[in-house]
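Heads up: the structure comes next, in structure tokens.
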Amino acid sequence: MNFNTLLNKILKLANADYTGKSRFVVLFFSVVAVLALVRCIFPGVVGHGDEVALATAMQDSLEMSDRHKPTVHATLVGSAFFNADGSEHRSRIYSVSSFQNTFNDLNDVQMESARRWGVSPVANREEADKRMHELVNIECSPYFCVDKLNSSIAYLVPKAAVLLNDIGRNYFDSLQIKGIPLHKVIITSVLRTKDDIRKLRTHNANATENSCHLYGTTFDLCYNRYVTVDDPDNPGRRPVRNDSLKWVLSEVLRDLRQLDRCYVKYEVKQGCFHITVR
């Protein structure tokens, strides 16, 4: 009896009385046991072609077991999911363990990156308009909204503009995967000119004269306000808590930070994530 014939008999035996994961477990250990025995008795009997056949058969069995998994239908209420029968289902929002511990990139770290990737500080709004070959206007995007800016202007260096766009797009993707209605993040601060810094320091003692915002590499994302994306096909959709939206945003920022795309500081008093491109 050749190896393929033996393998087929094992598959028929494993599939006869079991379904789903139990079938796969029986199949797996049966194949492992027979393989071990065959290799001990006949070391050369199992060639490369037979190993491929084994791997294919096991993959087919695994896919069969996956098709037998029960489907869970869940809806989001706040940050908890509930099954159709009303029982609570484990939330699909895993978030980060601590905002302050996870997003703790201080100003000196962000400043080093800002000086590396940014433009030389801009004196005023008029000069900024003349330096559009170095900067990108970010006001028009389907993925985020720019707040009314009093102490900054909506310009970033191209590298930072790409990062911001990726944050907004990844946030949309994450909301859709979790079944949460779409919301846009809000940008509250972008490029600050030297004039902006000077005026800001007259009424904000915490404003630093040597700010990362001077270099066009840095922006602030509000975490306690969001813009709802209207759905014309479902105008009466359920509201979503800001806490839930904040948790999803934190996951997006954590992933990009771990990919060395950005530095992030969680700002408690300002209610924002302070982000500098890397």
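Note that the coordinates shown come from a computational prediction; the quantities given were computed from them, not determined experimentally. Values reported hereafter were calculated over all heavy atoms of this structure, with side chains retained and with hydrogens, waters and symmetry mates removed.
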| said: Tell me every residue that passes side chain to side chain contact (heavy atoms under 4.5 Å, CB included) with Ser151, counting only those two or more places apart in sequence or in another chain. | reply: Leu200
| request: State yes or no: do Ile153 and Leu221 share one hydrophobic cluster built from I, L, V, M, F, W and Y residues joined by side-chain heavy-atom distances below 4.5 Å, directly or via other members? | output: no
| Pick from Arg278, Lys265, Arg257, Gln110: which one makes a side-chain hydrogen bond (donor to acceptor under 3.5 Å, both in side chains) with Asp105? | Arg257
| field | Distance (rounded to the nearest 0.5 Å) between Ser244 OG and Leu249 CG | value | 12.5 Å
| query | Which value, rounded to the nearest 0.5 Å, describes the distance between Asn242 atom CG and Tyr226 atom OH? | reply | 6.5 Å
| field | Heavy-atom neighbours of Arg125 CZ exceed 12 at 6.0 Å | value | yes
| query | Just by distance, with hydrogens left out, do Lys246 and Ser250 show a side-chain donor and acceptor under 3.5 Å apart? | reply | no
| query | Does Ile186 belong to the same Ile/Leu/Val/Met/Phe/Trp/Tyr cluster as Leu156, with side-chain heavy atoms less than 4.5 Å apart forming each link? | reply | no
| field | All side-chain hydrogen bond (donor to acceptor under 3.5 Å, both in side chains) counterparts of Asp243, not counting sequence neighbours | value | Arg241
| field | His213 vs Ser189, side-chain contact (heavy atoms from CB on, under 4.5 Å): CA-CA, chis, key distance, verdict | value | CA-CA 8 Å; His213 285 283; Ser189 184; 3.6 Å; yes
| field | Partner residues of Asp255 under the side chain to side chain contact (heavy atoms under 4.5 Å, CB included) criterion, sequence neighbours left out | value | Gln258
| query | Mind checking whether Leu149 and Phe273 sit in one hydrophobic cluster, side chains of I, L, V, M, F, W, Y counted as touching below 4.5 Å? | reply | yes
| query | Under the salt bridge (charged side-chain N to carboxylate O under 4.0 Å, His left out) rule, what pairs show up with a residue in residues 147-164, not counting sequence neighbours? | reply | Asp147-Arg225
| said: I'd like to know if the side chain of Asp129 pairs up with that of Tyr155 as donor and acceptor (distance under 3.5 Å, no hydrogens or angles considered). | reply: yes
| message | When you group the ILVMFWY residues by side-chain heavy-atom contacts below 4.5 Å and let the links chain together, are Ile187 and Val122 in the same group? | response | no
Kindly list each side-chain donor-acceptor pair under 3.5 angstrom involving residues 138-146, sequence neighbours excluded, with atom names and distances?
residue : atom : partner : partner atom : Å
Glu139  : OE1  : Asn137  : ND2          : 3.3
Ser141  : OG   : Tyr143  : N            : 3.2
Ser141  : OG   : Asn165  : OD1          : 3.4

| message | What's the separation between atom CG in Leu191 and atom CG in Leu214, rounded to the nearest 0.5 Å? | response | 7.5 Å
| task | Under the ring pair (Phe, Tyr, Trp, His ring centres under 6.0 Å) rule, what do Tyr266 and Phe99 come out as? Steps first, then yes or no, please. | result | CA-CA 6 Å; Tyr266 180 69; Phe99 296 133; 5.3 Å; yes
| query | At what distance, to the nearest 0.5 angstrom, does OG1 of Thr102 lie from CG of Leu253? | reply | 11.0 Å
| Partner residues of Ser120 under the side chain to side chain contact (heavy atoms under 4.5 Å, CB included) criterion, sequence neighbours left out | Arg131
| field | OG-CG distance between Ser98 and Asn104, expressed to the nearest 0.5 angstrom | value | 9.0 Å
| task | For Glu127, look at atom CD and say whether over 12 heavy atoms of other residues, nucleotides or ligands are found less than 6.0 Å away. | result | yes
| request: Dump the intermediate steps for side-chain contact (heavy atoms from CB on, under 4.5 Å) on Asn210 and Met111, then the final yes or no. | output: CA-CA 9 Å; Asn210 193 19; Met111 180 61 70; 3.8 Å; yes
| Atom pair CZ/CD1 of Phe172 and Ile177 - distance to nearest 0.5 Å | 13.5 Å
